[in-house]
Amino acid sequence: MTTNNQEEFKKELGLFDGTMLVVGSMIGSGIFIVSADIARQVGSTAWLVLIWLISGIITMIAAVSYGELSAMFPNAGGQYVYLKESYNKLIAFLYGWSFFAVIQTGTIAAVGVAFSKFAAYLIPAFSDENIVYQLGSFKLNVAQIVSIITIIFLTYLNTLGVKNSKILQTILTIIKILSISGLIIFGFTLAAKASVWDANWTDAWTPHFFNTTSGSWMPIGTTALISGISAAMVGALFSSDSWTGVTFIAGEIKNPKRNVGLSMLLGTFIVTVIYVLTNLMYVAVIPLNEIAGAKSDRVAVVAAQYIFGDIGTLIIALMIMISTFACNNGLIMAGARVYYTMAKDGLFFKKAARLNQASVPSWALWAQCLWASVLCLTGKYGDLLDFVIIIVLIFYILTIYGIIILRKKMPDAVRPYKALGYPFLPLLYIIIASAVCVSLLFTKFSTCGWGVLIMLIGIPIYYLIKEKNY
């Protein structure tokens with residue numbers, strides 16, 4: 001696509017658009033499947049709901065803390081810029097490197113494959129069991145091809161300008177919110193049973209281990225519960241991630257000093273309410289052992305079958321297709337702005353710093369598309385979960401601690417908005433997130449260790465790029 005030397009983004013996104021981007025990027029496929037794994041890990045209704053609530057609360061704490069940074073630096077690049085200003089270019093680059101290598105592209109790949117997996121309910125030929133090419137251990141299936149096609153289509157749409165992707169994001173997110181709300185309402189009104197609810201809440205705080213073979217429960221001790229909570233938090237936090245996307249496109253937000261932070265607060269609040277209510281609906285409709293033993297972890301499918309009968313599977317499939325499509329549109333839109341800002345600093349390919357005639361970083365969008373498509377082909381997207389979340393948490397901790405650093409480093413800087421509950425709430429987030437990270441390294445080192453390694457590989461790459469450019 002033809003490019004020009006235009007250096008300004010078009011400010012076409014308002015508060016409502018920003019909020020819809022946050023909600024649309026956060027809600028993907030996680031809320032429809034993650035509860036099964038959480039139920040198996042903690043074996044308790046109360047802990048299942050509490051983990052979703054804790055994840056939502058700490059995400060909201062992070063969002064209101066980020067509000068101070070977004071008001072101070074209302075520019076494209078978001079978290080990358082905050083880290084650069086708080087620390088240095090190396091820390092910022094490690095974030096950007098991890099963001100491109102795993103965090104954003106890996107999430108786009110995983111969400112794309114989730115779309116195609118559920119599309120297979122409507123069109124069986126899209127199944128991941130439909131192998132079209134095989135070379136040794138490598139197998140190319142139709143689900144991978146469909147996911148890549150959706151990523152390419154959404155990338156192309158985003159190269160046409162932020163207005164087109166904004167309209168699509170808003171429409172799909174509204175449909176997503178209404179459809180999930182409908183599922184919650186119909187679940188409580190049509191399928192909720194007092195006997196199921198009472199049974200699930202009997203002895204609700206006692207943790208159990210779920211035997212997937214027999215479908216029975218066995219009590220577990222405190223140590224096993226701590227390990228289970230750590231493992232369960234991964235899925236809940238991953239499902240609550242991507243709320244920072246609006247900070248990456250701050251250059252295209254009207255009145256960013258106000259609207260970026262407010263979009264994050266409103267968006268994370270809406271999603272937290274939806275997630276908690278959805279799980280309360282699950283335990284009102286489905287016995288806990290069926291939540292834990294849901295086939296392929298598709299809890300929402302089980303709930304829909306209780307609510308709507310056999311057609312429920314198709315309803316959920318359509319809902320998840322809409323949800324994941326909107327999620328990836330938001331992820332693709334936001335991610336490219338980080339690479340654009342890195343390129344401006346000489347820390348990414350120079351072409352990524354160019355805007356096309358529609359005032360969007362099209363080269364950065366296509367680079368992101370290419371790598372996300374490669375990750376779709378690896379078939380390893382399911383394994384990305386653990387080492388994506390630990391990198392994400394590490395940089396959230398660093399960014400929020402950066403608020404404290406900047407209060408000392410730039411005491412006289414204009415702060416249109418100050419972090420709510422400073423320093424208590426930011427420190428609370430840092431403590432909780434650090435505890436989760438340490439626990440994950442102990443309990444899931446084989447996967448989380450890889451995440452840390454990928455991040456650290458960025459150090460020699462940074463110095464190679466720095467030496468070349470300077």
Side-chain angles (χ1 to χ4, degrees), residues 27-45 48-49 51-52 111 113-130 143 175-202 204 208 210-217 232 235-236 239 274-327 382:
I27 303 176
S29 58
I31 186 58
F32 302 105
I33 57 180
V34 167
S35 294
D37 183 64
I38 295 175
R40 286 195 299 273
Q41 297 290 351
V42 295
S44 154
T45 299
L48 167 65
V49 176
I51 282 169
W52 281 104
V111 172
V113 172
F115 171 87
S116 58
K117 272 190 168 185
F118 282 90
Y121 274 117
L122 304 180
I123 307 173
F126 288 176
S127 170
D128 56 3
E129 296 177 2
N130 189 354
I175 293 172
K176 183 191 301 193
I177 292 171
L178 291 175
S179 59
I180 295 176
S181 299
L183 184 69
I184 293 168
I185 293 167
F186 286 126
F188 278 120
T189 56
L190 299 181
K193 293 182 179 178
S195 58
V196 173
W197 177 267
D198 292 342
N200 283 341
W201 285 99
T202 299
H208 296 82
F210 183 71
N211 188 318
T212 53
T213 305
S214 63
S216 60
W217 299 95
S239 302
I274 288 173
Y275 281 2
V276 172
L277 287 177
T278 301
N279 278 277
L280 287 173
M281 182 273 290
Y282 287 158
V283 298
V285 173
I286 314 169
L288 189 62
N289 64 317
E290 289 188 37
I291 295 175
K295 185 178 180 182
S296 300
D297 288 353
R298 297 179 185 125
V299 184
V301 171
V302 177
Q305 288 171 336
Y306 271 103
I307 299 167
F308 304 112
D310 291 340
I311 199 173
T313 302
L314 298 180
I315 292 172
I316 289 296
L318 190 59
M319 281 177 60
I320 295 179
M321 286 173 66
I322 293 169
S323 181
T324 50
F325 202 72
C327 180

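Everything numeric in this text was worked out from a predicted model, so none of it was measured. Hydrogens, waters and symmetry mates play no part in the numbers below; they use all other heavy atoms, side chains included. Numbers here simply count residues along the sequence, with the first being 1.
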key: Stepwise side chain to side chain contact (heavy atoms under 4.5 Å, CB included) test for Leu318 and Leu122   = CA-CA 8 Å; Leu318 190 59; Leu122 304 180; 4.1 Å; yes

request  = Measure the shortest side-chain to side-chain distance between Val49 and Leu280 over non-hydrogen atoms and say whether it is less than 4.5 angstrom.
outcome  = yes

ask   = Heavy atoms, side chains only, cut-off 4.5 Å: are Val196 and Val283 in contact?
value = no

key: Side chain to side chain, Tyr121 and Ile316, heavy atoms closer than 4.5 Å   = no

ask   = What heavy-atom pair brings Ala114 and Ser29 nearest, and what distance separates the two atoms?
value = CB-OG, 3.7 Å

message = Just so I know, are the side chains of Ile27 and Ile274 near enough to count as touching, which here means a heavy-atom distance under 4.5 Å?
response = yes

key: Test log, rule side chain to side chain contact (heavy atoms under 4.5 Å, CB included), inputs Phe118 and Arg298   = CA-CA 10 Å; Phe118 282 90; Arg298 297 179 185 125; 3.7 Å; yes

key: salt bridge (charged side-chain N to carboxylate O under 4.0 Å, His left out) contacts touching residues 175-198 (sequence neighbours left out)   = none

Pair Thr45-Ile291, side chain to side chain contact (heavy atoms under 4.5 Å, CB included): steps then yes or no = CA-CA 10 Å; Thr45 299; Ile291 295 175; over 6 Å; no

key: Any residue meeting side chain to side chain donor-acceptor pair (under 3.5 Å) with Asn289, in chain and number order, not counting sequence neighbours   = none

query = Partners of Thr189 by side chain to side chain contact (heavy atoms under 4.5 Å, CB included), sequence neighbours excluded?
reply = Ile185, Phe186

task = Indicate yes or no: at least one non-hydrogen side-chain atom of Ser35 is less than 4.5 angstrom from one of Leu48.
result = yes

ask   = Does the side chain of Ile180 reach to within under 4.5 Å of the side chain of Thr278, using non-hydrogen atoms?
value = yes

Listed partners of Ile315 passing side chain to side chain contact (heavy atoms under 4.5 Å, CB included), at least two apart = Phe308, Ile311, Met319

query = Does any N or O in the side chain of Asn130 come within less than 3.5 Å of the main-chain N or O of Ala125, such that one atom is a donor and the other an acceptor?
reply = yes

ask   = So which heavy atom on Asn200 is nearest to which on Leu288, and how close?
value = OD1-N, 2.9 Å

note = Smallest heavy-atom separation, Val285 atom then Gly187 atom, equals CG2-O, 3.5 Å

Least distance between heavy atoms, Ala191 atom then Ile307 atom = CB-CG1, 3.7 Å

remark   = Sorted by chain and residue number, the side chain to side chain donor-acceptor pair (under 3.5 Å) partners of Ser323 (sequence neighbours excluded) come out as none

ask   = For the residue pair Ile33 and Val299, what are the closest heavy atoms and their distance?
value = O-CG2, 4.2 Å

ask   = How long is the gap from CG on Leu178 to CG on Leu183, to the nearest 0.5 Å?
value = 12.5 Å

request  = For the pair Trp52 and Tyr275, name the ring-plane relationship: parallel under 30°, tilted 30 to 60°, perpendicular over 60°.
outcome  = perpendicular

request  = Provide the full list of side chain to side chain donor-acceptor pair (under 3.5 Å) pairs with a residue in residues 306-322, sequence neighbours left out, each pair given once.
outcome  = Glu290-Tyr306, Gln305-Thr313

inquiry  = To check you understand the geometry: which heavy-atom pair defines the closest contact between Arg40 and Ala292, and what is its length?
reply    = NH1-O, 2.7 Å

